[in-house]
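Okay, structure first, notes after.
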Protein chains: 2
Amino acid sequence: MRRPLTPSDRRILRVLQNDGRITNAALAEKVGLAASPCLRRLKALEDDGVIEGYRAMVNRKALGLEVEAFVFIKLEQSEPGWRTRLVERLKGYEEVIACYALAGEVDLIVHAVAKDIESFGEFTMNRLLTLPGVADVRSSFVLSSIKPPGAVPVPDHA
Amino acid sequence: MRRPLTPSDRRILRVLQNDGRITNAALAEKVGLAASPCLRRLKALEDDGVIEGYRAMVNRKALGLEVEAFVFIKLEQSEPGWRTRLVERLKGYEEVIACYALAGEVDLIVHAVAKDIESFGEFTMNRLLTLPGVADVRSSFVLSSIKPPGAVPVPDHA
DNA sequence: AGTGAAATGACCATAAT
DNA sequence: ATTATGGTCATTTCACT
């Protein structure tokens with residue numbers, strides 16, 4: 001059972017989602033706490049799994065990854081074991097920066113990046129379509145990031 | 001014009017994508033640099049926009065956000081101005097944690113969260129479907145996060 | 001509040017262009 | 001010579017008890 005979040009906890013989460021590398025001293029000042037209790041709350045949020053980690057957001061184009069796409073996958077009827085292994089393979093591909101199982105028409109949505117269209121093609125043709133259990137693969141290229149992956153809203157009441 | 005990334009830069013990016021809050025001292029040790037040059041490279045990566053920011057990854061369920069979904073939007077033929085305003089409205093919704101313009105069947109993909117199905121319904125019915133210029137809205141709930149939003153691959157050569 | 005660690009800036013060394 | 005890299009040291013600031 002997890003403690004309910006205090007208003008301070010919520011302020012901490014809001015700040016840390018926008019600047020995950022802020023020092024504890026500056027964080028404390030922003031949320032209106034002294035450094036010491038602020039640090040204790042931060043550790044508690046980490047220990048409780050409310051904060052799952054911290055990540056630098058890297059500009060993919062700066063790394064020469066010019067292509068970003070969503071891949072919509074439909075699966076064949078198949079034994080559960082196949083599905084597990086398919087999903088494990090998917091997770092292993094470094095082109096896959098996120099992947100979700102969905103309810104509805106499409107079974108899996110894959111968020112992928114690649115350095116160019118050619119290597120993206122190689123990825124879908126040789127490494128997605130060939131996975132056993134895959135019935136259909138459709139890709140849509142990202143034209144623009146309207147709102148880049150961002151903060152989850154922190155409601156005032158839990 | 002951006003400097004090419006050095007091998008040290010790449011190591012820094014790989015580490016920081018997995019632990020965005022690592023101290024500079026520990027980062028330096030991991031990538032095999034002294035603290036001072038390590039910090040200088042880090043700042044340069046930030047200044048050049050290679051690192052766009054740092055974010056605490058927050059467990060949405062800990063915040064009472066039980067529902068996660070992808071919303072696929074098709075737009076009507078319309079003047080460019082309408083589209084711009086539609087996109088601005090979309091960006092403003094706190095339920096929208098990411099949004100992309102796509103090539104293909106679907107024009108926009110919206111990654112959204114909500115506290116329950118009812119409030120998600122309110123969001124799609126009252127705040128998405130009513131946007132001028134929207135022709136079609138389809139939602140798929142996320143059943144599981146197979147691979148949570150993660151690191152972009154950092155190739156050895158740019 | 002105090003102590004040990006970290007961040008940060010000034011300055012030097014080396015190598016490649 | 002200039003530019004880009006990395007290192008060392010001294011000082012300030014921070015983390016954490």
Side-chain angles (χ1 to χ4, degrees), chain A residues 1-66 115 151-152 154, chain B residues 1-59 62-63 150-158:
Chain A
M1 198 57 188
R2 182 185 288 126
R3 266 182 300 291
L5 298 179
T6 67
S8 290
D9 289 332
R10 295 171 196 285
R11 286 195 291 272
I12 288 171
L13 293 174
R14 289 191 193 102
V15 172
L16 244 26
Q17 284 195 94
N18 286 316
D19 181 5
R21 227 177 137 76
I22 190 173
T23 65
N24 178 65
L27 173 64
E29 208 260 327
K30 274 210 178 196
V31 302
L33 286 177
S36 191
C38 184
L39 185 63
R40 268 186 285 114
R41 290 192 173 280
L42 174 53
K43 295 294 184 208
L45 289 169
E46 290 171 357
D47 291 346
D48 291 351
V50 178
I51 294 174
E52 296 176 328
Y54 301 90
R55 162 160 299 122
M57 311 302 288
V58 173
N59 182 334
R60 65 179 171 83
K61 288 188 182 167
L63 299 177
L65 298 164
E66 295 291 333
K115 77 172 202 293
V152 150
V154 181
Chain B
M1 197 57 185
R2 183 184 290 126
R3 268 179 301 289
L5 298 179
T6 68
S8 290
D9 289 332
R10 296 173 195 284
R11 287 194 292 271
I12 287 171
L13 293 174
R14 290 190 191 101
V15 172
L16 280 176
Q17 284 196 95
N18 286 316
D19 182 4
R21 220 175 144 77
I22 190 174
T23 64
N24 179 65
L27 173 63
E29 207 261 325
K30 274 209 178 198
V31 302
L33 283 178
S36 189
C38 184
L39 185 63
R40 268 186 282 122
R41 299 218 148 264
L42 175 51
K43 295 290 188 220
L45 289 169
E46 291 170 354
D47 290 345
D48 291 349
V50 178
I51 295 175
E52 295 175 330
Y54 303 90
R55 163 160 298 120
M57 310 303 286
V58 173
N59 181 334
L63 298 177
V152 151
V154 182
D156 285 333
H157 311 288

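Source: prediction; values computed, not measured. When reading the values below, keep in mind they use all heavy atoms of this one structure, side chains included, and skip hydrogens, waters and symmetry mates.
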Please give, in whole Å, the distance from [N] [atom2] to [X] [atom1]?
{"X": "B:L33", "N": "D:dT5", "atom1": "CG", "atom2": "P", "result": "11 Å"}
{"X": "A:N24", "N": "D:dC14", "atom1": "CG", "atom2": "P", "result": "10 Å"}
{"X": "B:L39", "N": "C:dC11", "atom1": "CG", "atom2": "P", "result": "18 Å"}
{"X": "B:R21", "N": "D:dC14", "atom1": "CZ", "atom2": "C1'", "result": "12 Å"}
{"X": "B:L5", "N": "D:dT5", "atom1": "CG", "atom2": "C1'", "result": "14 Å"}
{"X": "B:R3", "N": "C:dT17", "atom1": "CZ", "atom2": "P", "result": "17 Å"}
{"X": "A:L42", "N": "D:dA15", "atom1": "CG", "atom2": "P", "result": "10 Å"}
{"X": "A:L27", "N": "D:dC16", "atom1": "CG", "atom2": "P", "result": "12 Å"}

ask   = Are B:D156 and B:R14 within salt-bridge range, i.e. N to O under 4.0 Å?
value =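 Yes, this pair counts.
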request  = Consider the side chain of B:K43, meaning its heavy atoms from C-beta on, and name the nucleotide among D:dT8, D:dC16, C:dT8 that approaches it most closely.
outcome  =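 Selected nucleotide (nearest to the side chain): C:dT8.
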Any donor and acceptor pair, going by atom type alone, linking the side chain of [X] with main-chain N or O of [Y] inside 3.5 Å?
{"X": "B:R55", "Y": "A:Q17", "answer": "yes"}
{"X": "B:R21", "Y": "A:G53", "answer": "no"}
{"X": "A:R11", "Y": "A:V31", "answer": "yes"}
{"X": "A:D9", "Y": "A:R41", "answer": "no"}

request  = For B:P37 and for A:A35, locate the closest nucleotide of DNA chain D by heavy-atom distance; then report the residue assigned to the nucleotide nearer the 5' terminus.
outcome  =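 Checking each residue's closest nucleotide, the 5'-ward one belongs to B:P37.
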key: Whichever of B:S36 and B:P4 has its nearest DNA chain D nucleotide further upstream toward 5'   =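 That would be B:P4.
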message = Does B:A34 reach a base, just sugar-phosphate, or nothing at all? Heavy atoms under 4.0 Å.
response =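 Base, at least one base heavy atom under 4.0 Å.
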task = Would you mind classifying the nucleic acid contact of B:R41 as base, sugar-phosphate or nothing, using non-hydrogen atoms under 4.0 angstrom?
result =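 Since only primed, P, OP1 and OP2 atoms lie under 4.0 Å of B:R41, the category is sugar-phosphate.
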Any N/O donor-acceptor pair, [X] side-chain to [N] base, under 3.5 Å:
{"X": "A:T23", "N": "C:dA6", "result": "no"}
{"X": "B:S8", "N": "D:dG6", "result": "no"}
{"X": "B:R40", "N": "D:dG7", "result": "yes"}

